[in-house]
Each structure stands twice: as C-alpha cells, then as structure tokens.
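These notes are about the structure you will find just below.
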Amino acid sequence: MESIVSQNYPSFETLVIDGGSNDGTKEIVEQYKDLNVKLHEFKGYGIGKSRQIGLDLSKGEICAFIDSDCELPDCFWTRKMIEPFLESKNVAGTWVLGAYKKRISQYSTLLHTAASLSAKRGL
C-alpha cells in the first residue's frame, strides 16, 4: 500500500476491493484512510469480478490494477503508465513487463531467454 500512496502523481484515487480476505486488509486500509484510500468489501467474488467492481466504482478515466502481493518499483510508476494515454488518442491500454518489484528477476530471465531464442532464429 505504501508504494501506491507514495506515487508522484497529482491526483488519483485508490480503491481496495476485498473479496472476503482474512489477511488484515481492512486494518491496513484503515491506516491510509486520510490518503484517499477507500475499502469496498464484496465477499465471495474472485479477481475478475473484483476488478469489474473496481472499474464500476472508479471515478477516473484511466484505471490500473495492482494486486495485493505487488509493490510498485518507484514513485513514478503511475506517471510512466499514463504517459502513453497523454501522447496519443489511439492508446487503449498499457502494460509493462516486470512492472512490479516482486517479479522483475523472473521477467528479466524470461526476456533474456526470449531474446536469445530470437537471435538464434535470426529474428
């Protein structure tokens, strides 16, 4: 949560959609209530339905999904993800491979392997 609320972006809302977890989500969100973090509890829904609920409740034009086990790599992540929308009217979505700290080493290995295969195939 700390990596989300510390984003260097002028205005954004943070919606936490909890499908009935027992991991202390409610207590964690309570610590950030003064920073425009809002908890919405919908017990029994999976990740797909929870994301749809988040979209329906959001007030912004651009939405980002960040899972509970992910940490944003730096305070400029939101800015980097929104830049393509500001640069072109033809952008419908953005996605960054390895955007979360938790997965960077796994993705780096995957990218290295893919690049090696492409080089071997002459691509």
Roughly how far apart are [X] [atom1] and [Y] [atom2], rounded to 0.5 Å?
X: Cys75; Y: Ile4; atom1: SG; atom2: CD1; value: 14.0 Å
X: Phe65; Y: Ile17; atom1: CZ; atom2: CD1; value: 9.5 Å
X: Asn8; Y: Phe76; atom1: CG; atom2: CZ; value: 4.5 Å

When you group the ILVMFWY residues by side-chain heavy-atom contacts below 4.5 Å and let the links chain together, are [Y] and [X] in the same group?
X: Val16; Y: Leu35; value: yes
X: Ile62; Y: Phe12; value: yes
X: Val91; Y: Met81; value: yes
X: Tyr32; Y: Leu39; value: yes

Asp74 versus Trp77, closest heavy-atom pair with distance: OD1-N, 3.1 Å
Minimum heavy-atom distance between His40 and Leu15, given as atom pair plus value: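 Answer, listing the atom of His40 first, then Leu15: NE2-CD2, 3.8 Å.
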Residues that Thr78 engages under side chain to side chain contact (heavy atoms under 4.5 Å, CB included), provided they are two or more places apart: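 Here the qualifying residues are Gln7, Tyr9, Ile82.
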Glu13 and Cys63, any side-chain heavy atoms less than 4.5 Å apart: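 Not touching, per the 4.5 Å side-chain cut-off.
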Residue pair Asn36 / Thr14, side-chain heavy-atom distance below 4.5 Å: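 Asn36 does not reach Thr14 side chain to side chain.
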Parallel, tilted or perpendicular: rings of Phe42 and Tyr45 (30°, 60°):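 Plane angle between 30° and 60°, so tilted.
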For a quick test of your reading: what N or O donor-acceptor pairs under 3.5 Å do the side chains of residues 21-29 make, sequence neighbours left out?
from, atom 1, to, atom 2, distance (Å)
Ser21, OG, Asp18, OD1, 2.8
Ser21, OG, Asp18, OD2, 3.3
Ser21, OG, Asp23, OD1, 2.9
Ser21, OG, Thr25, OG1, 3.1
Asp23, OD1, Thr25, N, 3.2
Asp23, OD1, Thr25, OG1, 2.5

Salt-bridge criterion met for Lys80 and Glu83 (N-O under 4.0 Å):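 So Lys80 does not pair with Glu83 through a salt bridge.
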Inter- and intrachain pairs under side-chain hydrogen bond (donor to acceptor under 3.5 Å, both in side chains), touching residues 50-63, at least two apart: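 For residues 50-63, and leaving out neighbouring residues, the side-chain hydrogen bond (donor to acceptor under 3.5 Å, both in side chains) pairs sorted by first residue read Arg51-Asp67, Gln52-Asp56.
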Audit row: Met1, Val37, side chain to side chain contact (heavy atoms under 4.5 Å, CB included) steps and yes/no: CA-CA 9 Å; Met1 185 64 66; Val37 177; 4.1 Å; yes
Main-chain N/O of Leu72 paired with Ser3 side-chain donor or acceptor, under 3.5 Å: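 Checking the backbone N and O of Leu72 against the side chain of Ser3, a donor-acceptor pair under 3.5 Å is found.
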